[in-house]
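This report refers to the structure that appears directly beneath it.
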Amino acid sequence: MAAPYDVCIRGAGIVGRTLALLLARDRLRVALVDLPPAPAARSDVRAYALNAASRELLLRLRAWPDEQHATPVATMDVRGDDGGRVQFSAAHEQVPALAWIVDVQPLLARLAEAVRFQPQIEVVAAPQPAALTVVCEGRASSTRAEFGVHFEVTSYPQRAIAARLDCDKPHGGVAHQWFEDGNVLGLLPMGGAQGNSVALVWSVLEPRADELLAMPAEQFQARLQTACGDAFGAMKLSTDRMAWPLQRAQADRWCGGGWVLAGDAAHNVHPLAGQGLNLGLADAEMLAQVLHEREYWRGLGDEKLLRRYERARKADVLAMAWTTDGLQQLFALPAEPVAWLRNWGMRGFDHSGPVKRWVVRQAMGHASNLLRTGRT
Ligand SMILES: Cc1cc2nc3c(=O)[nH]c(=O)nc-3n(C[C@H](O)[C@H](O)[C@H](O)COP(=O)(O)OP(=O)(O)OC[C@H]3O[C@@H](n4cnc5c(N)ncnc54)[C@H](O)[C@@H]3O)c2cc1C
């Protein structure tokens with residue numbers, strides 16, 4: 001494809017690739033800036049909980065991984081630190097799954113393949129001139145500052161430890177989460193509906209994170225077993241442990257004349273609700289829609305146009321940031337009487353009928369599906 005390009009997307013992560021495919025379908029000429037991955041990115045052991053809205057989008061783009069790498073969650077079992085418990089079930093909600101646990105590398109590979117077959121997209125090694133630059137460089141974006149954006153970061157005193165484990169018992173499509181003493185432990189089903197492996201995401205307070213990362217595998221497995229009981233039988237690490245510092249962050253401006261932010265470059269939320277990438281994919285979908293619906297006389301880099309996208313997405317992102325932050329803080333407060341109160345609250349919530357159903361629908365991405373562009 002010969003330059004000039006309509007859009008230059010900086011960053012070929014999941015959000016950048018998805019956006020490139022959406023724009024190319026709209027006949028826009030896209031330059032996708034892809035840097036060689038850092039060694040740690042090549043062996044990313046995380047798995048993402050993706051909601052129904054994200055799945056629909058990736059299916060449409062023919063980039064949804066096969067059944068082995070996208071395991072449906074039939075039940076979510078969330079436990080507090082003093083007997084509190086909330087259970088969600090796909091059967092009860094009359095949906096095929098509450099979420100799908102997706103392997104990062106197969107998803108990136110499917111997206112890369114779709115990009116390769118799309119003649120409107122050129123993968124390039126450096127930024128190219130274009131009517132619109134979209135920054136999809138993730139949380140550590142360097143271009144963001146070049147555009148004068150202030151990225152307001154609040155660090156959590158926690159790191160998330162991720163790893164994969166093989167289990168004695170099949171997971172049965174159940175995703176488990178335990179809140180205890182300011183730590184959040186999640187075990188997500190993997191390897192297909194009948195699988196018996198799990199992805200671990202353990203958000204742990206700082207000094208303990210160092211200790212858990214440094215200890216021998218057997219000792220780590222024993223610690224994990226103590227924390228989660230017999231839900232999966234004996235568990236054995238099948239990958240290295242990797243860790244991510246955790247933060248809540250928000251860009252003060254998402255756009256200007258000729259540029260816009262999307263995904264983690266614009267916002268970060270705590271992973272306890274598994275929503276960061278779902279938000280980023282909803283950004284990509286909304287931005288593509290706003291550009292598609294622009295008046296014939298508006299250019300792609302028109303700031304007023306880009307503000308429609310910013311307004312439409314900011315409310316969703318803020319609501320999720322506050323929800324995850326609130327939950328994190330609620331469970332970080334020291335023992336009695338708060339512990340009793342929060343566990344009592346969980347039990348009440350579990351029987352709350354319509355409120356519980358509303359929360360499930362939000363998490364499944366139904367809010368993001370209501371594409372609200374709000375014209376000026
Ligand atoms: C422990 C953990 C668990 C998580 N679990 C979930 C989950 O279950 N569900 C969920 O929805 N979300 C989850 N998230 C959030 C999710 O990881 C992010 O929201 C998602 O990866 C953001 O995608 P992105 O494409 O915006 O950014 P990234 O994935 O960070 O991709 C950015 C890309 O840009 C590239 N890049 C960087 N700088 C430049 C540059 N200057 N030029 C060109 N390219 C550049 C990078 O190499 C990278 O390829 C989790 C996060 C953590 C930390």
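Each ligand, and each atom within it, is numbered from 1 in the order the structure gives. Everything numeric in this text was worked out from a predicted model, so none of it was measured.
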Next item on the list: Could you label the plane-to-plane angle of the H267 and W254 rings as parallel, tilted or perpendicular, counting under 30° as parallel and over 60° as perpendicular?
Entry: tilted

Next item on the list: Tell me which part of Q275 gets within contact of ligand 1: side chain, backbone, both or neither, using heavy atoms under 4.0 Å.
Entry: backbone

Margin query: Can you check atom 32 (C) of ligand 1: any protein non-hydrogen atom closer than 4.0 Å?
Written below: yes

Check: For atom 47 (O) of ligand 1, is the nearest protein heavy atom closer than 4.0 Å?
Finding: no

Check: Counting heavy atoms only, which part of A49 comes closer than 4.0 Å to ligand 1: side chain, backbone, both or neither?
Finding: both

Check: Between L19 and A284, which heavy-atom pair has the shortest distance, and what is it?
Finding: CD1-O, 3.5 Å

Notebook entry, point to check: Can you find an N/O atom of T143 closer than 3.5 Å to an N/O atom of ligand 1?
Noted result: no

Next item on the list: Determine whether any heavy atom of C136 lies closer than 4.0 Å to an atom of ligand 1.
Entry: yes

Item checked: Sub-3.5 Å N/O-N/O distance, G16 and ligand 1 -> no

Notebook entry, point to check: Which residue holds the protein heavy atom closest to atom 37 (C) of ligand 1, what is that atom called, and what is the gap in Å?
Noted result: E137 O, 3.2 Å

Check: Any N or O on D264 sitting closer than 3.5 Å to an N or O of ligand 1?
Finding: yes

Next item on the list: Indicate whether atom 29 (O) of ligand 1 is within a distance of less than 4.0 angstrom of some protein heavy atom.
Entry: no

Notebook entry, point to check: Is the closest heavy atom of S141 to ligand 1 under 4.0 Å?
Noted result: no

Next item on the list: For ligand 1, indicate whether the residue I14 contacts it via side chain, backbone, both or neither (heavy-atom separation under 4.0 Å).
Entry: backbone

Next item on the list: Between D283, L200, L277, D34, flag the one that comes closest to atom 15 (C) of ligand 1 by a heavy atom.
Entry: L277

Notebook entry, point to check: Are the side chains of R164 and D103 in touch, meaning some heavy atoms are under 4.5 Å apart?
Noted result: yes

Notebook entry, point to check: Mind checking whether M215 and L212 have side chains closer than 4.5 Å, heavy atoms only?
Noted result: yes

Notebook entry, point to check: Which atoms from ligand 1 have a heavy atom of A160 less than 4.0 Å away?
Noted result: 1 (C)

Next item on the list: Would you tell me whether Q225 and Q221 have side-chain atoms, one donor and one acceptor, within less than 3.5 Å of each other?
Entry: no

Checklist line | Close N or O approach (N278, ligand 1; < 3.5 Å) | finding: yes

Margin query: Tell me the closest heavy-atom pair linking L261 and Y309, and the distance in Å.
Written below: O-OH, 2.8 Å

Next item on the list: Kindly determine whether Q158 and H270 satisfy side-chain hydrogen bond (donor to acceptor under 3.5 Å, both in side chains), including the steps that lead there.
Entry: CA-CA 10 Å; Q158 289 176 328; H270 195 290; 2.7 Å; yes

Margin query: I need the contact type for S54 against ligand 1. Using non-hydrogen atoms and a strict under-4.0 Å cut-off, is it side chain, backbone, both or neither?
Written below: neither

Next item on the list: Go through the steps to decide whether D302 and R294 satisfy the test side chain to side chain contact (heavy atoms under 4.5 Å, CB included), and finish with yes or no.
Entry: CA-CA 10 Å; D302 183 314; R294 74 186 185 280; over 6 Å; no

Note to self: Can you confirm whether W178 sits close enough to V184 that some side-chain heavy atom of one is under 4.5 Å from a side-chain heavy atom of the other?
What the structure shows: no

